[in-house]
Amino acid sequence: MTENFPLYLIIVLPLLGAVLNLLFGRRLGNTFVSLVACSAVAGAALVATKAVLLVASDLPDRGALIDQLVSGDWIVAGDMKLQAGLMLDRLSSVMVMVVTWIALLIHIYATGYMEHEPDFARFFGYLNLFTGAMLILVLGDSLPVTFIGWEGVGLASYLLIGFWYHEDKNATAGRKAFIVNRVGDFGFLLGICLLFTVVGTVKYGDFGSIAGRLMTPWWMGWPVGYWVAILLFVGCAGKSAQIPLYVWLPDAMAGPTPVSALIHAATMVTAGVYVVARCHTIFDTFPEAAKMTVAGVGALTALMAATIGIVQRDFKKVLAYSTVSQLGFMFVGVGTGAYTAGVFHLMTHAFFKAGLFLGAGSVMHAMGGEGDIAKMGGLGKHMPITRWTFFIYCLAIAGIVPFAGFFSKDAILAGTFAAEFRMSTAMSGPQAQLVALYPKVLWAMLATAALCTAFYMWRLYFVVFTGKFRGTSEQEHHLHESPSSMTLPLVVLAVGSVLAGLIGVPAVMTHGLPESVEHVMTFFTGWLSPAMVPASPEPHEHWVEWALMGGALTISAAGIGLAALLYRGGISETAENLKDKLGFLHKLLWNKYYVDEIYDFLLVRPLRRVSGLLWKGVDNIIIDGGLTKIGPFFVDIFGAMAQRFQNGDVQRYIIAVMVGTAGILFGSTYWLAYRGIQGEVKVDKRSATLKLGDPRMRPGQLIYAIDWDGDGKFDDTNVRFNSELKHEYGSAGQYKIVVEARDPVWNMVKRSDDWFFGASVPLAAKVE
Amino acid sequence: MGMILPIVTFLPLVGALLCLALPREEEQLHRSVGFGTALVTFLVSLLMLSGLEPAKMNHVVDWAWVESLGIRFNLGIDGISVWLVLLTTFLMPIVFLSTWSAIHDKVREFIVAALILETGMLGAFLALDLFVFYVFWEVMLIPMYFIIGIWGGDQRLKAAIKFVIYTMVGSLLMLVAILYVVVKVHQVTGQWSFALATAQKLILSKPEQIYLFLAFALAFCIKVPLFPLHTWLPLAHVEAPTAGSVILASVLLKFGPYGMIRFAIPLFPHAVETVAPWLAVLAVIGVVYGSCVAYAQDDVKKLIAYSSVAHMGFVVLGLAMMNSRSVNGALYQCLAHGISTGGLFLCVGVLYERRHTRKMAEFGGLWQRMPVFAATLLIFTMASIGLPGLSGFVGEFLVILGTFSAKERAFEGMPAMFENARMLSAFAATGVVLGAVYMLWLFQRVMLGPLTNPLNRKLPDMTARETAVMLPMLAMAFWLGICPNTFLKHIDPAVTQTLTAFKEKYSAGAADGEARMLGDSAKPKVEEPAAPGGNP
Amino acid sequence: MIMPVAKQRTAPTEATKAMQQLVQNLLAVGLHHYLILAVVLFGIGTFGVFMRRNALTTLMSIELILNGGNLTLLAFARSHQDMRGQALALLVIAVAAAEAAIGLAIVVGVFRNRHNTNIDELNLLRY
Amino acid sequence: MTFDTTDLVSSLPLLFLTVAGIVLLMLDAFSRVVLVGRDHHLRMPSETSEAVAVPPPGSRNYLMPVTVLFLLATLAIMVWQAGTLPEGGVTIYRGMLVVDRFGLFVSGICVAAATLGIVSAPAYMRAHRMEFGEFYALVVFALCGMIILVQAADLVTVFLGIETMSLGAYVLTGSWRRSPRSSEAAMKYFLVGAFVSGLLVYGIALIYGVTETTSLIDIKRIAMSRGAAPLFYIGWMLLLVSFSFKLGVVPFHMWAPDTYEGAPTPVTGFMMSCIKAAGFAGLIRLLQGTLPMLARDPFTGWTFVLSWLAVLSMSLGNLAAIKQDNVKRMLAYSSISHAGYLLVGVVALGTVGDAARGPLLFYLASYALTVVASMGVVAWVGCDERGEERVRLSDWAGLAKREPMAALLMTISLLSLGGFPPTAGFFGKFYLFQSALGESKLLWLILIAIANSLISVYYYLRVITAMYFREPSPNPAITPIQSSAMKFGVLVSTLLVLAMGLFPGWLMSLCAAAKF
């Protein structure tokens, strides 16, 4: 782990490009901008490739390139010292390669796609910014550094979704994305805090040794590792659009299509998967409940999004739900411990999903920005490259052998089917059986989702590229194939979609092939397995694997076939009939299970209402109108009284003087006597001790008479004392004591049982 | 170097006097003098950094002032105050530059008021004598009152009076508390001394400490402002001119936390165990509440003002937690908030100068007309909501982390204070989400969407002067986000030192009954207090 | 006890004795009588100040009050066989005279401005 | 009976002032007087058609400088005397007066405040068409009374001092003869004052009756040896009442707002500063010299009574002031509340001891100077074309635009009254509260005082608000009085207020040295 390499170049180059483009791009023209943007990313890609080669060749299996970004400490606070550095190991190598190269392709694509955009420079600035931030995310050597990139990509995503800010809809979509991501970040941040608090480190390099400390029970009987994992997963669910935080991603399609391809399909949204894989030590914490949660959420998301995808009509929305669904797949992968499979799917998905989006962009480019697939159709003949690349992507995502999607999806499905959660070892009886059944349930959900995926992807393909054109004649007139800057990336990605899967072929299939071929074909597993010690047990016997593969293929084929049945050559009448028959279901799916509405009802509107209430009610009325007005109110009232009293009548003035004089005389004497009868009684068997007067009083000022037994007759009279007086009682009982104090100067008398001017002073003795 | 602190403190005052000597009509000259003075002050104040030993007081001056009462003109700087001082001196030239065209009425008066205000702020940050601190603390008040009242908006009278009255409520009680402490010191030692160092050695009984702490804390919490003492702030912010809002948000609010960590907490450690949990709860309420109320606003400035309530809630939370992470975070958040909110107010000033309104509904889609401005506002918005890499993140992160990792006992031997620190932390962290909610709402309503209002069609982008105002702020926003250790390397040792001293004093135990000085356990009480008038 | 008592010229009868005793008792006024008289004077003065509206009457009532004080002073001075009280009384009389003069001047001033001297109509200045 | 020369030398300031007063009276009396009828230039409001003796305008301008010279000379004599005084002072005129540093200090405050105050008088009188030549002589005579009062060592001189002071003040209050307000103010002041004089005489008589003496030292001795008799108490209460009346302490304050409002502004300033200073000095001497043994008892001692009077004065004064929109009347109420703060100092004197006297004197000095400055500005602000004072808040609106100097100086004065640093008022309050806190029993009183000064800040700020934040009223009728002497006087007093706040040390040492 000591190898030094200028990793910072990988992030600095795109960031530099961003700065240049944002600051000077407008003045320097589009050519310059595209040159800067593409060469920055290309530079990063080259440096990254060099670094990855270094990792592959010169480092031991679990080694990593590291680069101390800030010399010394980054944040120092008392006993806490955080460093900020970059780290390139095998896992991040995969990500870096995917991010840099796909980013480069999309940059190139965007130079064509955004050609006529007035804010060309801004767009590329943001895109470069995103690339830089994504690379920080990927390369960060600790959770805080990752978090910097994490938020950075969030910002870039916000900016790019709202790139066409002239429309409120786009700006709102951007805001929604950012805020939903923030909800995730809330968990992520707390996860970092918890991890740091309990374990004392947030560096990935130290994660190998923290498993023991993660076992500490923490809350509700679960180990701390579980909570850390859950909190981190909240962040991942936000970024990677999982239930319940997926709602932003479909809206995010408001951004330019290259953005959707790069950020909302290929790279950023997979960051959550990356983090789960990266922190697998934490997720592996016994009893793996966190992983079960991850897998469950992933499967649910995969299924839910896939079903929604079936009925959507917006080109990019379908792709968006597909992305959500595929991300669910990946989470099931990492959640069941098949980390390699998850990351593998991440990689292959990057190719074909980016391709799908770019294809969509190409189509919409030709359609003049139209996104409704109902208005397309028969585009295949106008745009052959787009069509055929799209065809390949669809095969890939549907999981047809030997396209990329088949292998990665199969790896996940197989991994899921084979998974055993260690929680079952901690349980017995039916509970254990339930846990054991859990992977199978997940598998079934994924299989259903895969069916849906194949169906809606091919529905998309058929509706868009086959049949008759359903748009306006003007649109038809303009239909054309996209420029080469756009088609080139399509082709490259198509090639990738075909080939990428071949480096992760399951072992059963490569059995018997030449060793070098086998090495290449199982390269991916071998590449990652040292970094990600596989937690899942050995896979099943070969026939099970073959059967699973066959099943998956069958499911995909079934989906494609169904789609062909209903949509080949345009939207068939059967499809329309089906829609009418299943009206309720269609409506539910069309409205995306009403999740947005539910959120609006449960969160957004209450927040707005509560905010208004707090402001108008608490702030303005209670605090400002009430609490801070009480004082002034009384001041005002008393002020008015004081003022009104001064009515200008001299005689009243003189009377006030006399009353004041009398008041002084009375007050000073009355209070003396009054204070004089304040006292307490202490009882000790038959004798009671009476303590009277204020200790601060001059002694001997008052003359007391005391009635010890409350019979109305004073037992002791003419007593002058200022400390204590004792009395012996003859018999036991409760006695009331009455004291009378007399001020000899004024003969002002105050009895402890009179009610004049102030409460009476109860004195009593209870003797035994 | 020995004289640098008084020089820095009084340079603005000299500038103010210079302005008074110049003829009233020379407005441009006055502006230049104001700007020049502030700039020179900033440059001179940078010298303070050289060779600064953060854990102790540097460049101390200790001059006799009112000798018979033991009042000494005692200034010093350590890691806690140095960045706050630099923040002040850094902001003032910017403020002067930003008001170049915004203030065109009574220019001389404005320059003089602002310069006097600067002297007050610097003095209060530097004072090591309770009396000197109080004097500077109050000196700040009146120029600010004038700045709000003369150059403010429609409701400026109400705002100015409210500002002063609120502040006075706290500061008068603080005055009583200061007097009480000093009288106690005198009763124990026989010496009159207002020195912070002496007062820090005084150990009082626990109830006394609680009352005195509350008296101090009230003053500081009003300044912060802590919920529910915050209602002066939105009004003052909204009505104040841009310069006033910037100074108010960036510097004046910082006196709350500064006073807490410098005075209230070290002086009355045994009160902390009782009061701090309440402060923490109020702070968290402030975070959530401020955020929610900010979301309900339709006035740009008011929204930012309420965001200050939320952000400063983090600061108080950090202080109340009393561990080195959170306190560092709190102080860091002070700086970050100074830059980001100051920047936001400067942005509002740019808008206000063009349109003379701050209603969000009046704007929308300004990005088309003012891209540079939009970028600036965006960066400050992001800094404000704590995007990593910008100023807001480090402080919030440290506070949340510090709170989350707070042990039940801030120190060994203290009673359990924070059984639910994690809950507090979680609630505070919702502020991160809510911050995004209201700030992005603001940004969208002002900058994004269609440009519908015809009055906005011809708005010019930022001028060169305005850009010059923003650039240093932007640079600082990035610097604070990227290289936190530039600042933490000074703050951290000082915080550690303060907490060590706190622990030391705490473990000496509260006095029962008679007050005593730290270090001497059983000193006989001095019989008759000597005359404060210094009778021979 | 201090005041002169009527001299007896012829041998008295029982009746005259009784009468004389009565007279003597009546005339044998002591310190307290003077003090009570002073209080009465003081009280009448105060009552006058409280009740009368005319500024001049009020002035005269104040003179009564001052005289009550003077009488007390003189009584005590006589009782203490001390001249200081007498001197003080003289001083008070002098000052009272000055006060009266000034008072009258003020009354005149008021009258010139308002044409009456009722003190309860002096209400330009209030609240 | 021969006069001791030391008597004459020691009472030199008093004698000098008396002579000065007579000289001024002569100068005025022999100035030219013309008889005028109902002159339309002067616009007498009076309905009477009688001719009035009115001196030609400007004929007596020289009186003010002459008076100032006299007062400065007196001040010089006092300074010289203070240097030569033995410790503990000199008792002169057979125990009637005592010349000590305390007395000299307070006399010095009075004379200095009067000097700074009267420089604004000629311009004021000219502007308000109230040529009144006796003004200066009366001021000087009232000052004589004050000096007698603060130096009094005997009830006789106490009475004499109070009366001399008051008689001068009565006349001065009514000196604006054509103003119904002025004469009404004088009438009210006089009636209540004379009534209270009666109480004073009666109180003195009772004390004399019980103790058989009028000398304060003897009274102290006798009271301490015999204990207190009811009559003594009553007498003492009556003395307290009459002092409270002079000081404007609630509930004996009711004359004060009316009188202060109605009196010509320089006279108001003179009364607020000098009479308050002299009255408090007399009260301190009376209480500390006569009744120290009673002070420490919290219930029967005078501290108990005075602390409640202090609470009442502070609160009522501030509460009523907050409702005023007449600046002069507001300052009158504020002076009532300041009497309350000062009473806190007196209470501290009783509980804490001699150490509290310095702060009290400091407060007196700072208040006297501040009041002189603020009243100077009130005079400066001006009058309408009929010569009526314009003292409503609305008249002050936008003063900063019309008269920036006046507004600035007034602001400083008001800040001082409100207790903002770095002014004398702040340090005065600070010092006072600090000394009072020496006895923790008084914490409650200080908290009330603090609450009150918060209220007071509000109404002082209202004036500043009006001056700076509001636009000038469109009515152009208000003409500021342009007089360099007045401006000079206000400026000097304001600078002194600032200097006392910034460098209070010199005054503190003077205060501390001002002992019996």
Side-chain angles (χ1 to χ4, degrees), chain A residues 22 26 70 72-80 119 122 133 136 144 147-152 154-155 158-159 162 165-168 170-172 174-175 178-179 181-183 185-186 189-190 192-194 196-198 219 607-608 610-616 618-620 622-624 627-628, chain B residues 162 166 228 230-231 234 289 292-297 306 323-325 327-329 365 367-368 371 375 378 382 385 387-389 393-394 397-398 400-405 422 425-426 429-430 432-433 435-437 440-441 443-444 447-451 482-485 488-489 492 495-496 499:
Chain A
L22 288 175
R26 277 164 71 89
V70 184
D73 297 318
W74 181 46
I75 300 179
V76 174
D79 53 345
M80 185 189 79
D119 271 342
R122 188 160 64 87
I136 295 177
F147 191 67
I148 296 178
W150 185 269
E151 294 276 307
L155 169 67
Y158 164 74
L159 292 171
Y165 54 81
H166 316 276
E167 279 188 53
D168 243 342
N170 301 347
T172 308
R175 194 159 55 87
F178 198 96
I179 289 166
N181 267 299
R182 276 260 150 174
V183 176
D185 297 345
F186 162 80
L189 202 57
L190 289 182
I192 297 177
C193 291
L194 180 57
F196 190 84
T197 307
V198 181
W219 190 38
L607 177 66
R608 197 161 283 203
V610 164
S611 296
L613 203 70
L614 285 180
W615 177 38
K616 295 253 164 66
V618 178
D619 223 59
N620 283 358
I622 296 183
I623 297 177
D624 224 24
L627 294 179
T628 63
Chain B
K162 202 166 176 178
Y166 258 81
H230 65 277
T231 51
Y289 177 90
C292 285
V293 178
Y295 184 48
Q297 301 306 316
Y306 277 107
N323 61 49
S324 57
R325 290 166 198 164
V327 175
N328 268 311
W367 195 324
Q368 293 171 45
L378 180 70
M382 290 298 153
I385 63 184
L387 197 82
F393 171 65
V394 180
F397 175 66
L398 280 175
I400 292 175
L401 178 64
T403 309
F404 199 92
S405 62
R422 290 188 195 101
S425 181
T430 59
V432 174
V433 180
V437 172
L440 294 184
W441 177 235
F443 188 75
Q444 180 176 348
M447 283 295 158
L448 309 179
L451 182 64
I482 295 169
C483 307
N485 232 22
L488 282 173
K489 83 173 175 230
D492 180 56
V495 166
T496 311
L499 292 180

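First the proteins, then the strands, lettered A, B, ... as listed; each starts at 1. If you're wondering where the values come from, they're calculated on a predicted model, not measured in any experiment.
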Smallest separation among heavy atoms of [X] and [Y], with atom names:
| X | Y | answer |
| --- | --- | --- |
| B/Tyr289 | A/Leu614 | OH-O, 3.5 Å |
| B/Leu401 | A/Met80 | CD2-SD, 3.1 Å |
| A/Thr197 | B/Ser405 | OG1-CB, 3.2 Å |
| A/Ile179 | B/Leu440 | CG1-CD1, 4.3 Å |
| B/Ser324 | A/Ala77 | OG-O, 3.9 Å |

So what's closer than 4.5 Å to chain B heavy atoms on A/Leu159: side chain, backbone, both or neither?
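Only the side chain of A/Leu159 comes within 4.5 Å of chain B.
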So for A/Val618, is it side chain, backbone, both, or neither that comes closer than 4.5 Å to the heavy atoms of chain B?
both
So what's closer than 4.5 Å to chain A heavy atoms on [X]: side chain, backbone, both or neither?
| X | result |
| --- | --- |
| B/Thr430 | both |
| B/Lys162 | side chain |
| B/Leu398 | side chain |
| B/Leu378 | side chain |
| B/Val437 | both |

[X] versus [Y]: any side-chain heavy-atom pair under 4.5 Å?
| X | Y | value |
| --- | --- | --- |
| B/Gln368 | A/Tyr165 | yes |
| B/Phe393 | A/Leu189 | yes |
| A/His166 | B/Leu451 | no |
| A/Asp168 | B/Gln444 | yes |
| A/Val76 | B/Lys489 | no |
| B/Phe404 | A/Ile192 | no |

Taking every heavy-atom pair that is under 4.5 Å apart, which of [options] has the most such pairs with chain B?
| options | answer |
| --- | --- |
| A/Asp119, A/Ile623, A/Asn620 | A/Ile623 |
| A/Glu151, A/Arg122, A/Arg175, A/Arg26 | A/Arg175 |
| A/Gly612, A/Gly149, A/Ser611 | A/Ser611 |
| A/Ile136, A/Val610, A/Leu155, A/Asp185 | A/Leu155 |
| A/Val183, A/Asn170, A/Thr172 | A/Thr172 |

Chain A contacts, top residue of [options] (heavy-atom pairs, under 4.5 Å):
| options | answer |
| --- | --- |
| B/Met447, B/Arg325, B/His230 | B/Arg325 |
| B/Val432, B/Thr496, B/Val327, B/Thr403 | B/Val432 |
| B/Val293, B/Asp492, B/Asn328, B/Leu499 | B/Asp492 |

With rounding to the nearest 0.5 Å, note down the distance linking CE in B/Met382 to CZ in A/Phe178.
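Here the interatomic distance stands at 4.5 Å.
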Hey, would you say the A/Phe147 and B/Phe397 ring centroids sit under 6.0 Å apart?
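A/Phe147 vs B/Phe397: aromatic centres not under 6.0 Å.
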So does B/Cys292 get a backbone contact from the side chain of A/Trp615, meaning a donor-acceptor N/O pair under 3.5 Å?
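Not at all, since once roles are kept as given, no pair shorter than 3.5 Å links the two residues.
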